[in-house]
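Read through the structure below, which is laid out as structure tokens, and then see the notes.
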Amino acid sequence: MSSVLEINDLHVKVASRDILRGVSLTMHSGEVHVIMGPNGSGKSTLAHALTGRPGYEITKGSVKLDGTELLNLPPDERARLGLMLALQQPLEVRGVRPVELLVAAGANPVGIKERIREEAELVDLRPELLDRFVNVDLSGGERKRAEMVQLGILRPKFAVLDEIDSGLDVDALGAVARRLQLATTQWSCGVLAITHFRRLLQELTPDVIHVMSEGRIVTSGGPELAETLERDGYEPFRSLSD
Ligand SMILES: Nc1ncnc2c1ncn2[C@@H]1O[C@H](COP(=O)(O)OP(=O)(O)O)[C@@H](O)[C@H]1O
Ligand SMILES: [Mg+2]
């Protein structure tokens, strides 16, 4: 079944400042959308608003997954409906092991250890690292790979990843990008990736690239837009946001 994620005219206030000023974006199952934009343009704010983080006040707009309004729902409910969010800084959860977290998030416990092992192999992660508490004593690259294991087990309809490339070496970046690309065909996962770097796009093929500036998406286009950005930077797009 094909799913649709519709962000419509989203306005978000943080610490009494208007940060998002009308973001609209529609994506379907199996698509890869990439959001690029300068620091402070509101990319992480969008990710936090989608996940329902406290302190991010929605003043206008809607976010619907297959027609269901998500903005009224608590974060765990959003996740259960099929939205997964990978944060820039994955959290350490002492006292909880990945398998427990996955089962609590709705994964089928039958055979889960074996599936975790398979998913870990897919991203070249030593499976024994997943016997530790969630993210505790893992490097940045190992945490991102562990997050890809979570993705492969939970199989969300849409995965939103904030700055997936921050702090990753080339090998980890490639493993993450390839896992995401595979997910788009394995279960038609829709991927919304927020990134600064074009390097990610060598192994994750975007259908649409959106440029964010000052709280709005000012331009959307095909993969060739990444080359324009590389060449000209964000400055030519800045004036479009007023
Ligand atoms: N928790 C917060 N408290 C105050 N200001 C914030 C907070 N989060 C984000 N902002 C502000 O919102 C703007 C957009 O930030 P952010 O969404 O992190 O941008 P990006 O991810 O594109 O770099 C910035 O001006 C930032 O200072
Ligand atoms: Mg950010």
Side-chain angles (χ1 to χ4, degrees), residues 5-27 32-63 70-71 74-75 78 83-92 135 139-141 143-144 147-148 151 158-169 172-173 176-177 180 190-201 204 206 208-221 225-226 228-230 232-242:
L5 180 68
E6 297 169 279
I7 302 170
N8 189 27
D9 198 25
L10 189 63
H11 290 246
V12 176
K13 215 181 236 227
V14 186
S16 69
R17 264 181 64 208
D18 293 317
I19 304 297
L20 295 190
R21 305 185 297 147
V23 172
S24 299
L25 187 165
T26 296
M27 60 182 296
V32 176
H33 288 234
V34 170
I35 298 183
M36 305 180 89
N39 274 327
S41 55
K43 303 183 301 297
S44 294
T45 301
L46 174 63
H48 290 311
L50 289 177
T51 194
R53 184 173 171 163
Y56 290 74
E57 188 197 343
I58 317 290
T59 53
K60 196 178 168 190
S62 72
V63 177
L70 297 183
L71 294 178
R78 299 180 194 200
L83 184 72
M84 173 172 158
L85 189 99
L87 292 172
Q88 194 165 351
Q89 304 286 351
L91 299 176
E92 291 186 2
N135 285 330
S139 73
R143 287 177 188 205
K144 279 295 161 194
E147 224 159 28
M148 291 301 106
L151 175 98
F158 292 95
V160 179
L161 307 107
D162 190 14
E163 300 282 351
I164 35 181
D165 36 23
S166 76
L168 294 191
D169 60 36
L173 190 58
V176 167
L180 289 170
V191 175
L192 180 59
I194 297 171
T195 179
H196 263 91
F197 299 107
R198 212 163 68 110
R199 206 173 53 180
L200 176 81
L201 307 181
L204 179 66
V208 187
I209 293 180
H210 307 275
V211 178
M212 189 174 266
S213 176
E214 297 173 30
R216 291 199 182 108
I217 289 173
V218 291
T219 307
S220 302
L225 191 51
T228 312
L229 289 169
E230 181 95 335
D232 303 337
Y234 293 116
E235 200 51 43
F237 297 97
R238 205 178 279 273
S239 58
L240 301 175
S241 64
D242 297 317

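One is the number of the first residue; the rest follow in order along the sequence. Read the numbers this way: they start at 1 and go in the same order the structure lists the ligands and their atoms.
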Any donor-acceptor pair under 3.5 Å from Arg78 side chain to Leu83 backbone: no
Minimum heavy-atom distance Tyr234-Gly37, with the two atoms named: OH-N, 3.2 Å
N, O or S of Asn39 under 2.8 Å from the Mg ion (ligand 2): no
Non-hydrogen atom of Ser41 closer than 4.0 Å to ligand 1: yes
Under-4.0 Å heavy-atom contact with ligand 1, by part of Glu163 that carries it: neither
Numbered atoms of ligand 1 (with element) below 4.0 Å of Arg17, judged on heavy atoms: 25 (O)
Heavy-atom closest contact (Lys144 atom, Leu168 atom, distance): CG-CD2, 3.7 Å
Sub-4.5 Å side-chain heavy-atom contact between Lys43 and Thr195: no
Atom 8 (N) of ligand 1 - nearest protein heavy atom and its distance: Tyr56 OH, 3.5 Å
Identity and distance of the protein heavy atom lying nearest atom 18 (O) of ligand 1: Ser44 CB, 3.6 Å
Nearest protein heavy atom with distance in Å, relative to atom 3 (N) of ligand 1: Val14 CG1, 3.6 Å
Any Gly42 heavy atom less than 4.0 Å to ligand 1: yes
Heavy-atom closest pair, residues Thr26 and His33: O-CE1, 3.5 Å
Validation row: Leu46, Met212 side chains within 4.5 angstrom (heavy atoms): yes
Distance from atom 9 (C) of ligand 1 to nearest protein heavy atom, with residue and atom: Thr45 OG1, 4.0 Å
Side-chain touch Leu50/Ile7, heavy atoms, less than 4.5 angstrom: yes
Non-hydrogen atom of Pro38 closer than 4.0 Å to ligand 1: yes
Note, Ile19 side chain near Tyr56 side chain (heavy atom, < 4.5 Å): no
Identity and separation of the nearest protein heavy atom to atom 23 (O) of ligand 1: Gly40 N, 2.7 Å
Nearest-contact summary for atom 12 (O) of ligand 1 - protein heavy atom, Å: Ile19 CD1, 3.2 Å
Ala15 contact mode with ligand 1 (heavy-atom cut-off under 4.0 Å): side chain
Matching residue for Leu151 among Leu180, Val176, Leu161 - test: side chain to side chain contact (heavy atoms under 4.5 Å, CB included): Leu180
Per atom 22 (O) of ligand 1, closest listed option by heavy atom (Lys43, Glu214, Met212): Lys43
Leu192/Phe158 under side-chain contact (heavy atoms from CB on, under 4.5 Å): CA gap, chis, key distance, verdict: CA-CA 7 Å; Leu192 180 59; Phe158 292 95; over 6 Å; no
Heavy atom of protein inside 4.0 Å of atom 26 (C) of ligand 1, strictly below: no
